[in-house]
Amino acid sequence: MSYPPDPNNPYNQPQQPPQQPGYGYPQQAPPAAGYGYPQQPPQQPGYGVPQQQAYAYAPMPGTLQANNGYINIAQLGTVKLATMGQRFLARLIDGLAVGAIIALVMALGLAGALGIVKDADDCSQYTYPSAAYSDCLQQQTDAAGGIVATMMIMIGVLAVFNLLYEWLLVSFAGATLGKMAMGLRVVKESTGQNPGLGGGFIRFIIPIVGAFLCYIGALLVYLSPFFDNSGKLQGWHDRAAGTLVIKK
């Protein structure tokens, strides 16, 4: 026995066939720009994900540039180190200049000593013993003392000149006459400035101390840049003073 279908029973409802694209109800078009959900704006350069950038870092002071004789120094930038040949020629010019001044001072000192000797009387013309003979001997003694004093003054003048020449010129000008002629300059490695009184004195006194060993120590100091494994051509006196010799 059959009963009429119950309209409230979902199993008795007629099944709807699945809608195929292009059939049945029209498909809903996607929302146009400006409607519905807000559209995400395109990323502009500089926004969104940060892009990786390459930064160039300045080399640290005292950094050699590919070990080719150039070095970076604070406040000076990249400069060229002085070669040992240039430093030798500068030292040679200094030696000639100082030697000429020493020769002039020695000539003046000898002329003064000869003048003192010439003024002294020959005591052989006086009979011994006599007052004239005693006076002549006293004059010769005074003359000898005058010669010694003249020589000591000459040595003192030369020592002071040698001290002031090397020390003060390097301290305040960064170069002696020889280095100026070769276009060289002594600078502090950390600042690029002149060594100053302290650095100039340290750099000057170390070869002087070495000269007491028959000048062998001073020669080793001047040759010590050849032994510098850092490539900066720093001698022992340069390392102690924290200086470099560069080509201007």
> Can you tell me how far the OG1 atom of Thr176 sits from the CG atom of Leu184, to the nearest 0.5 Å?
Replying inline: 8.5 Å

> What is the distance from atom NZ of Lys232 to atom CZ of Arg239, rounded to the nearest 0.5 Å?
Replying inline: 9.0 Å

>> For a quick test of reading the model, state the closest non-hydrogen atom pair linking Ala175 to Met180 and the distance between them.
In response: O-CE, 3.4 Å

>> I'd like to know if the side chain of Asn194 and the backbone of Gly196 have a donor-acceptor N/O pair within less than 3.5 Å.
In response: no

>> Could you check whether atom CE of Met106 has more than 12 heavy atoms from other residues, nucleotides or ligands sitting under 6.0 Å from it?
In response: no

> Taking everything shown except Phe212 itself, do over 12 heavy atoms lie less than 6.0 Å from its CZ?
Replying inline: no

> Atom CD1 in Ile246, atom CG in Leu76: separation rounded to 0.5 Å?
Replying inline: 5.5 Å

> About how many Å separate CD1 of Ile73 and OG1 of Thr191, when rounded to the nearest 0.5 Å?
Replying inline: 9.0 Å

> In Å, rounded to the nearest 0.5 Å, how long is the span from NZ of Lys179 to CZ of Arg91?
Replying inline: 4.5 Å

>> Once you measure the plane-to-plane angle for Tyr222 and Tyr215, does it fall in the parallel (<30°), tilted (30-60°) or perpendicular (>60°) bin?
In response: tilted

Please set out all donor-acceptor pairs under 3.5 angstrom arising from side-chain atoms of residues 79-88, sequence neighbours excluded.
{"unit_1": "Thr83", "atom_1": "OG1", "unit_2": "Gln86", "atom_2": "N", "d": "3.2"}
{"unit_1": "Thr83", "atom_1": "OG1", "unit_2": "Gln86", "atom_2": "OE1", "d": "3.4"}
{"unit_1": "Gln86", "atom_1": "OE1", "unit_2": "Thr83", "atom_2": "N", "d": "3.1"}
{"unit_1": "Arg87", "atom_1": "NH1", "unit_2": "Leu233", "atom_2": "O", "d": "2.7"}
{"unit_1": "Arg87", "atom_1": "NH2", "unit_2": "Asp238", "atom_2": "OD2", "d": "3.0"}

>> Can you give me the closest heavy-atom contact between Gly174 and Pro195, atom names plus distance?
In response: CA-CD, 4.4 Å

> Is the shortest heavy-atom distance from the side chain of Trp167 to the side chain of Ile205 under 4.5 Å?
Replying inline: no

